[in-house]
Amino acid sequence: MSKITFETPVKFVQGKLSKSDNSYFSVRNGKGCLTKCYNQYDGGNTAQQQAVRQRFANVQRQVSEELANAEKRAQWEVLFAEQNRHATLRGFVFASIYNS
């Protein structure tokens, strides 16, 4: 006996259905999910959020400067080769600077 396998023309739906909707569709681990957002905050950033974002931007700038310098990049590559926690050199340098 034959077997029929149907496939819908749409694999996933992502995003909101309308601008005022408080739910959105997303894909997690290959499966479509419906997520509802309650009490959405539409105000500005708090002082703490601004401080965190500014620190992130400063560290990101430092990482770019470190990796642009050939001597420092070679030192970072040696340290990166000795560890197995971070997958990328940029991520390793960022974490090292951010945590220091």
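Computed from heavy atoms alone, side chains included, the values below leave out hydrogens, waters and symmetry copies.
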J.: To the nearest 0.5 Å, tell me how far N22 CG sits from T35 OG1.
T.: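 Taking CG in N22 and OG1 in T35, the distance rounds to 11.0 Å.
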J.: Contact between Q62 and V93 at the side-chain level, heavy atoms closer than 4.5 Å - yes or no?
T.: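 No - every pair of side-chain heavy atoms lies 4.5 Å or more apart.
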J.: Can a side-chain donor-acceptor contact be found between Q54 and N58 if the only test is distance below 3.5 angstrom?
T.: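 Distance-only check passes for N58 and Q54.
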J.: If you measure from OG on S64 to CZ on F94, what distance do you get to the nearest 0.5 Å?
T.: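 The CZ atom of F94 is 10.5 Å from OG of S64, to the nearest 0.5 Å.
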J.: Quick check against the 3.5 Å criterion: does Q83 have a side-chain atom that pairs as donor or acceptor with the backbone of F80?
T.: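 Yes, the answer is positive, given that a donor and an acceptor are paired below the 3.5 Å cut-off.
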J.: Check whether more than 12 heavy atoms from other residues, nucleotides or ligands sit under 6.0 Å from atom CG of N99, and answer yes or no.
T.: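 Check passes, neighbour count above 12.
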J.: Over all heavy atoms of both residues, which pair between H86 and A95 is shortest? Give the atoms and the distance, please.
T.: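 Reported closest heavy-atom pair: CE1-CB, 3.4 Å.
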J.: With a 4.5 Å limit on heavy-atom distance, are the side chains of S23 and L34 in contact?
T.: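 The answer is yes; the side chains approach within 4.5 Å.
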J.: Do other residues, nucleotides or ligands put more than 12 heavy atoms under 6.0 Å from K16 NZ?
T.: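 Yes, because the 6.0 Å sphere around NZ of K16 holds more than 12 heavy atoms from other groups.
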J.: Tell me whether R55 contacts the main-chain N or O of Y98 through its side chain, where contact means a donor paired with an acceptor under 3.5 Å.
T.: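 Here the side-chain-to-backbone pair exists.
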J.: Can you tell if the side chain of E77 reaches within under 4.5 Å of the side chain of E82, non-hydrogen atoms only?
T.: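 SC-SC contact between E77 and E82 ruled out.
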J.: Nearest 0.5 angstrom please: L67 CG to W76 CH2, how far?
T.: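 With rounding to 0.5 Å, CG (L67) is 8.5 Å from CH2 (W76).
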J.: Quick check on R28: does its CZ atom have over 12 non-hydrogen neighbours (other residues, nucleotides or ligands) under 6.0 Å away?
T.: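 For R28, atom CZ is not crowded (no more than 12 foreign heavy atoms under 6.0 Å).
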J.: Inspect the surroundings of CD in E71 and state if more than 12 heavy atoms from other residues, nucleotides or ligands are less than 6.0 Å away.
T.: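 Open.
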J.: Within this structure, what is the CD-CD1 distance for the pair E66 and I97, rounded to the nearest 0.5 Å?
T.: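 Here the interatomic distance stands at 5.0 Å.
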J.: For Q48, is the CD atom crowded, meaning more than 12 foreign heavy atoms sit under 6.0 Å from it?
T.: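 Count not over threshold, so no.
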J.: How many angstroms lie between atom CZ of R73 and atom CD of E65, to the nearest 0.5 angstrom?
T.: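 It is 14.5 Å, given to the nearest 0.5 Å.
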